[in-house]
Amino acid sequence: MSLNAVKPVRGTHDLIGEQQRRHAHVIATARRITGLYGFEEWATPVFEDTSVFARSLGDTSDVVSKEMYTFSDRGGESLTLRPEGTAGICRALVTNGLTQSLPQKAFYAGPMFRYERPQKGRYRQFHQIGAELIGSGEPLADAETITMGRDVLEALGIVDEVVLELNTLGDAESRATWRTALVAYFSDYRNRLSEDSQLRLEHNPLRILDSKAAEDQPVIEGAPGLEQYLNDSSRHFWDDVRRGLDVFNVAYTVNPRIVRGLDYYSHTAFEFVTNRLGAQGTVLAGGRYDGLVEEMGGPATPAIGWAGGIERLAMLLDEAPDATAPIAIIPLGAVAETPAIRIMTELRAAGLRSEMAYRGNLKKRMERANRAGASYAIILGEAELASGVVQLRDLSEGQQREVAPDDLVKLLSHTKKTGSSV
RNA sequence: GCGGACGUAGCUCAGUUGGUUAGAGCGCCGGUUUGUGGUACCGGAGGUCGCGGGUUCGAGCCCCGUCUUCCGCCCCA
């Protein structure tokens, strides 16, 4: 790198070659699978009025103040780069009047931004796929949405790398009574809690449950579970979600420590987790958020969804999808260029990826074709022009024969091979 | 925001207790009589050792600061 080369912003990454192909594959796969479930892709702005996200977060101290990319535009309005996808989707639902035509099934993919310290699979600009099913309050909707997430992971070939952890947060009433009991319990053991957890007791007591501090574990063991505080309807909902997962044939383990900090969450919470990515093991996660649309100024509307981190999913893919192998067109001498371009144009019109280098002798062009992972080389010089043929060389087999130019499309169309360029 | 580790060619890394013009492999470029690649041989380019200070006769190596990346913590919408 040269002396005064510009540097990328901390926590941002370029996606080139294999990396971009991995990302594109994750997105294309998720788009296809969610499509099978009747979801349609939405694209919302990457920045919104700050209130869109601030509202969805309430006044969760750290998150709003320290971890969002917030700035003023020239008109003095406070804007924020979206830190996640759900709030924007809900805002779009409301502003487009779609609360009148529920349910809506939205799939999205794109960059998100959080001002955090980077680690592997956790960047300041990162990318997510996500799906939101808005307007369905039945437990079966939860089961089907989770199943859809499982299917995406399966289609990516990584379902064996993850386990599905499931929990219920109950409805607002159940959670309130549980929370009270929890705070009372932890307060009794306050001095046995870690310093962090003593702070959490003040502003986010549920988070003590997934504390990593060793000294917290014995206290957490004895903490009251939500189970005993669930009211009847919440209990039925929870039972029905699990029954639904059985019907859809989705395996899960119940993990009572999965919590969500915000009030609009209710009932189902789930995470697909891997142990292959260190501390960033959650690969796709979601839950029910029946209170959010109302928070955005719409009518009370039930909703459930999930989001998955593309970086993490891309890292788990066994191998990157191959680039499509091109066909290399190699004219020898200036007179061959025009017929070569004609052939190349025909191949492209037939849907075949074709490239021609502008310079270099035959040897150089062959080397270049090889490096580009070309499947075939089409060589034509004066001798070929004179007899109305071209040389068609199979670069993987090393065999070469003369063919009529008109036969090329037919010969190459069914031999779509893959190469390993970039 | 807190704690820790790393930072030498495009990539992966070597570089003895600080001592002359900083190395290797891979990759890249060129050549091996000019119409044949992926494999052999020969040659070449490319680094002010992340950046900035300091100590020293002398710093890639020691000290301080700073930036990045990575590992944890906090947070995780």
Side-chain angles (χ1 to χ4, degrees), chain A residues 1-5 7-13 52-68 80 82-88 90 112-124 126 128 130 194-197 199-200 203-204 206-207 210-214 258-265 269 271 277-282 285-287 289 292 295 305-307 309 328 330-333 336 357 360-384 391-400 419-421:
Chain A
M1 217 186 291
S2 86
L3 304 77
N4 42 11
K7 286 190 291 193
V9 174
R10 177 180 206 183
T12 65
H13 287 80
V52 170
F53 305 113
R55 245 188 244 201
S56 75
L57 290 167
D59 47 357
T60 330
S61 52
D62 272 16
V63 175
V64 175
S65 57
K66 296 197 317 207
E67 297 178 22
M68 296 202 308
T80 295
R82 62 181 184 192
E84 51 97 23
T86 307
C90 289
M112 307 291 165
F113 306 84
R114 295 182 188 179
Y115 195 90
E116 298 181 297
R117 173 154 292 200
Q119 283 179 46
K120 184 177 286 299
R122 187 177 188 178
Y123 306 121
R124 289 190 169 181
F126 60 105
Q128 286 188 332
S194 65
E195 205 175 316
D196 283 331
S197 286
L199 281 170
R200 283 190 271 246
H203 51 263
N204 203 354
L206 299 199
R207 283 286 170 199
D210 60 4
S211 165
K212 292 168 187 164
I258 292 181
V259 295
R260 295 285 127 96
L262 305 172
D263 284 342
Y264 56 74
Y265 284 109
E271 302 185 354
L277 296 176
Q280 280 66 51
T282 300
Y289 50 97
L292 184 54
E295 204 71 51
W306 49 251
I330 305 182
L332 299 173
N361 58 25
L362 178 54
K363 182 181 167 67
K364 289 298 160 209
R365 293 186 193 225
M366 287 295 288
E367 282 173 359
R368 209 178 318 240
N370 191 59
R371 220 176 315 131
S375 53
Y376 286 88
I378 294 169
I379 303 160
L380 59 160
E382 283 183 41
E384 286 75 17
Q391 304 289 343
L392 177 62
R393 184 176 183 84
D394 181 329
L395 291 177
S396 53
E397 303 294 325
Q399 287 166 352
Q400 184 169 317
S420 55
S421 77

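Hydrogens, waters and symmetry mates play no part in the numbers below; they use all other heavy atoms, side chains included. We name chains A, B, ... by the order of the sequence lines, and we start the count at 1 in each one.
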Practice task
Would you classify A:R122 as touching base, sugar-phosphate or nothing, given that sugar-phosphate means primed atoms plus P, OP1 and OP2, and contacts are heavy atoms under 4.0 Å?
Solution key: base
Practice task
Write down the distance between NE2 (A:H13) and P (B:rU69), rounded to a whole number of angstrom.
Solution key: 6 Å
Exercise for the section: Using a 4.0 Å heavy-atom cut-off across all strands, classify A:Y115 as base, sugar-phosphate, or nothing. Expected result: nothing
Practice task
Select base, sugar-phosphate, or nothing to describe what A:R82 touches, counting heavy atoms under 4.0 Å on all strands.
Solution key: nothing
Practice task
Scan A:A383 against the nucleic acid and name what it touches under 4.0 Å (heavy atoms): base, sugar-phosphate only, or nothing.
Solution key: base
Handout entry: Length of the CZ-P vector between A:R124 and B:rC76, whole Å
Key = 17 Å
Exercise for the section: Pick base, sugar-phosphate or nothing for A:G333, based on heavy-atom distances below 4.0 Å to the nucleic acid. Expected result: nothing
Exercise for the section: Look at atom CG of A:D210 and say whether more than 12 heavy atoms of other residues, nucleotides or ligands are closer to it than 6.0 Å. Expected result: yes
Problem - Phosphate OP1/OP2 of B:rG31: any A:K364 side-chain N/O under 4.0 Å - result: yes
Problem - Integer-rounded Å distance: B:rC73 P and A:D210 CG - result: 11 Å
Practice task
Would you state whether a donor and an acceptor, one from the side chain of A:R260 and one from the base of B:rA77, lie under 3.5 Å apart?
Solution key: no
Practice task
Anything under 30° is parallel, anything over 60° is perpendicular, the rest tilted; go ahead and classify A:H13 against A:Y123.
Solution key: tilted
Handout entry: Whole-angstrom distance between B:rU55 and B:rA14, as gauged at atom C1'
Key = 27 Å
Problem - Spacing of the P atoms in B:rC29 and B:rC70 (rounded, Å) - result: 30 Å
Exercise for the section: May I ask you to say what A:R368 touches in the nucleic acid, namely base, sugar-phosphate or nothing, with a heavy-atom cut-off under 4.0 Å? Expected result: nothing
Practice task
Look at all strands and tell whether A:N361 reaches a base, only sugar-phosphate, or nothing, counting heavy atoms closer than 4.0 Å.
Solution key: nothing
Exercise for the section: Could you tell me whether A:E384 contacts a base, only the sugar-phosphate backbone, or nothing, with contacts defined as non-hydrogen atoms closer than 4.0 Å? Expected result: base
Problem - 5′-ward residue of the pair A:L395/A:P118 relative to RNA chain B - result: A:L395
Practice task
Would you state whether a donor and an acceptor, one from the side chain of A:R371 and one from the base of B:rG37, lie under 3.5 Å apart?
Solution key: no
Exercise for the section: Name the nucleic acid region contacted by A:L199, choosing base, sugar-phosphate or nothing; use a 4.0 angstrom heavy-atom cut-off, strictly under. Expected result: nothing
Exercise for the section: Determine the contact category for A:E84: base if any of its heavy atoms lies under 4.0 Å from a base atom, sugar-phosphate if only primed atoms, P, OP1 or OP2 are that close, otherwise nothing. Expected result: sugar-phosphate
Handout entry: Nearest atoms (heavy-atom pairs only) where A:L395 meets A:M366
Key = CD2-CE, 3.8 Å
Practice task
Report yes or no: do A:E384 and A:Q391 form a side-chain donor-acceptor pair below 3.5 Å?
Solution key: yes
Problem - Pair of N/O donor and acceptor under 3.5 Å linking B:rU36 base with A:Q391 side chain - result: no
Exercise for the section: Give a yes/no on whether any side-chain N or O of A:Q119 is located under 4.0 angstrom from OP1 or OP2 of B:rG72. Expected result: yes
Practice task
Give none if B:rA40 has no partner; otherwise give the nucleotide forming a Watson-Crick or G-U wobble pair with it, both distances under 3.5 Å.
Solution key: B:rU32
Practice task
Just compare B:rA77, B:rG35, B:rC75 and give me whichever is closest to any side-chain atom of A:Y265.
Solution key: B:rA77
Practice task
Return the 5'-most residue of the pair A:R10, A:R117 with respect to RNA chain B, ranking by each residue's nearest nucleotide.
Solution key: A:R117
Practice task
Send over the distance from A:R365 CZ to B:rG30 P, rounded to a whole Å.
Solution key: 13 Å
Practice task
State whether the distance check finds a donor on one side and an acceptor on the other, under 3.5 Å, for side chain A:E116 versus base B:rG1.
Solution key: no
Handout entry: Pairwise side-chain contact, A:V259 with A:R207, heavy-atom cut-off 4.5 Å (strictly under)
Key = yes
Exercise for the section: Mind calculating the distance between NZ (A:K363) and C1' (B:rU33) to the nearest angstrom? Expected result: 13 Å
Handout entry: Contact under 4.0 Å: A:R207 side-chain N or O vs B:rC76 OP1/OP2
Key = yes
Exercise for the section: Could you tell me whether A:Y289 contacts a base, only the sugar-phosphate backbone, or nothing, with contacts defined as non-hydrogen atoms closer than 4.0 Å? Expected result: nothing
Handout entry: Closest to side chain of A:K120, choosing from B:rA77, B:rG35, B:rC70
Key = B:rC70
Handout entry: Rounded interatomic separation in angstrom, taking CG from A:N204 and C1' from B:rC73
Key = 16 Å
Problem - Minimum-distance nucleotide to A:K7 side chain [options: B:rC74, B:rU36, B:rC67] - result: B:rC67
Exercise for the section: Check whether any side-chain heavy atom of A:R10 lies under 4.5 Å from a side-chain heavy atom of A:P118, and answer yes or no. Expected result: yes
Exercise for the section: Could you check whether A:G305 gets within reach of a base, just the sugar-phosphate, or nothing at all, counting any heavy atom under 4.0 Å? Expected result: nothing
Practice task
Give a yes or no answer on whether the side chain of A:R365 reaches the backbone of A:G360 with a donor-acceptor pair at less than 3.5 Å.
Solution key: yes
